[in-house]
Amino acid sequence: MHAYLRYALERQEEIAALIQRLVEAESPTDSPESVDHVMDLLIEVNRDLAQSEVVPSPRFGKHLKLTFGGSGKSQSRQLLAIGHADTVWPLGTLRQMPFRKEEGRLWGPGVLDMKSGLVIFLYAMRLLREMKIAVNCPVVLLVVSDEEVGSPDSRPLTEAEGRKSRAAFILEPGTGLSGKLKTARKGVGRYLIRVEGVAAHAGVDFQAGASAIVEAAHQIQEVAKLSDRALGVTVNPGVVRGGTRSNVVAASAEIEVDVRAVTESDARQVGERLSKLQALDPRCRISVEGGPNRPPMERNSKIAALFESAREVGREIGLELEESATGGGSDGNFTAALGIPTLDGLGAVGEGAHAVTESVLLERIPERIALLAGLISRASSEDVGGRFA
Ligand SMILES: [Zn+2]
């Protein structure tokens, strides 16, 4: 057995115990104090390994930057790992969904997305230090507090750290129970279409009204037509609101639309089409707000090269790694869009993110630690993503 795997296997109990501590510290995005508490735990357990720097946020919990090694001596550009401490689960979820160790899995809110991913990274760094494996550049772990709401506050921080980095490793879960790595993610856009009509009494003065709801119904059909299955473009009118009472011709309506696209140009094209929507009823007015939220993570040659390095490291450990593409966004979208070689899905293997079945496979944790350790060691001395070629 590979020495890295043995290292992680021998520590399975303490690794599970740390995951339990993090899961039992509930941390929904909208509870800054709770997210802060998780950050404090991360600082505490890494006191002997990393320098910590807290970045306050005006709306969310604080962000955390942990720097491992490279204290002044190293001239090399850093490696970046990105995770998040927030979850989608409200405070009190633990009462219905307590942390459990059952059926070879760990269960609980946020266990897969992504508290286990954070622990996997931390043990990879511990392994590298305790086994005295060379890491020839600083390694930074950025843990943000607002990922589950689209990272509105942390995005500049992620981009600034990304620009300083030779490669970015994203600690989101792998795809499916095989735990495929992620080399492509769709970009995400959010739009709000407002329709203004003319209100009127539905009984007395019906003809004087121009229904915003009827107009919105037409626009929903137009918006839905922008989806293109072959290109992987999806346009989802996900929320509709409008009107006041059934006996009033509706004066206003609005439609929230989620747009996903594989390429930047497809995303832009959908945005342009949405901005040109025309009212069918000339008495109605249409306005469109919003835009891209996360750019696509396009599988370019740098990402392919980084995945190839991961595969080679995987083979040394005895793993046959596969890659996948997903429609969901992550903070890897930001670093990839800046041209930084980015590999995503390096966190835990499991299923049920954002669902009551959220769980991770215990037996797959050691290999993820070994993989990340090998990848970090290799990427610290080689130009693994071809960034500087
Ligand atoms: Zn996540």
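Atoms within each ligand, like the ligands themselves, are counted from 1 in listed order. Everything quoted here is computed from the prediction, not taken from an experiment. These numbers come from the heavy atoms of this one structure, side chains and all, not from hydrogens, waters or symmetry mates. All residue numbers in this chain count up from 1 along the given sequence.
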| query | So, is E148 placed with an N/O/S atom under 2.8 Å from the Zn ion (ligand 1), counting both backbone and side chain? | reply | no

| message | Nearest N/O/S atom of D113 with respect to the Zn ion (ligand 1), by atom name, please. | response | OD1

| Basic-acidic side-chain contact under 4.0 Å: K164, E161 | yes

| remark: Closest to the Zn ion (ligand 1), among the N/O/S atoms of H84, is atom NE2

| query | Could you state the interatomic distance from CD1 (I133) to CE (M125), rounded to the nearest 0.5 Å? | reply | 11.5 Å

| task | Kindly state whether the ring of Y123 and the ring of Y4 have centres lying under 6.0 angstrom apart. | result | no

| message | For N/O/S atoms only: which one belongs to E172 and is nearest the Zn ion (ligand 1)? | response | OE1

| field | Spacing of CZ belonging to R378 relative to CG belonging to L375, to within rounding of 0.5 Å | value | 8.5 Å

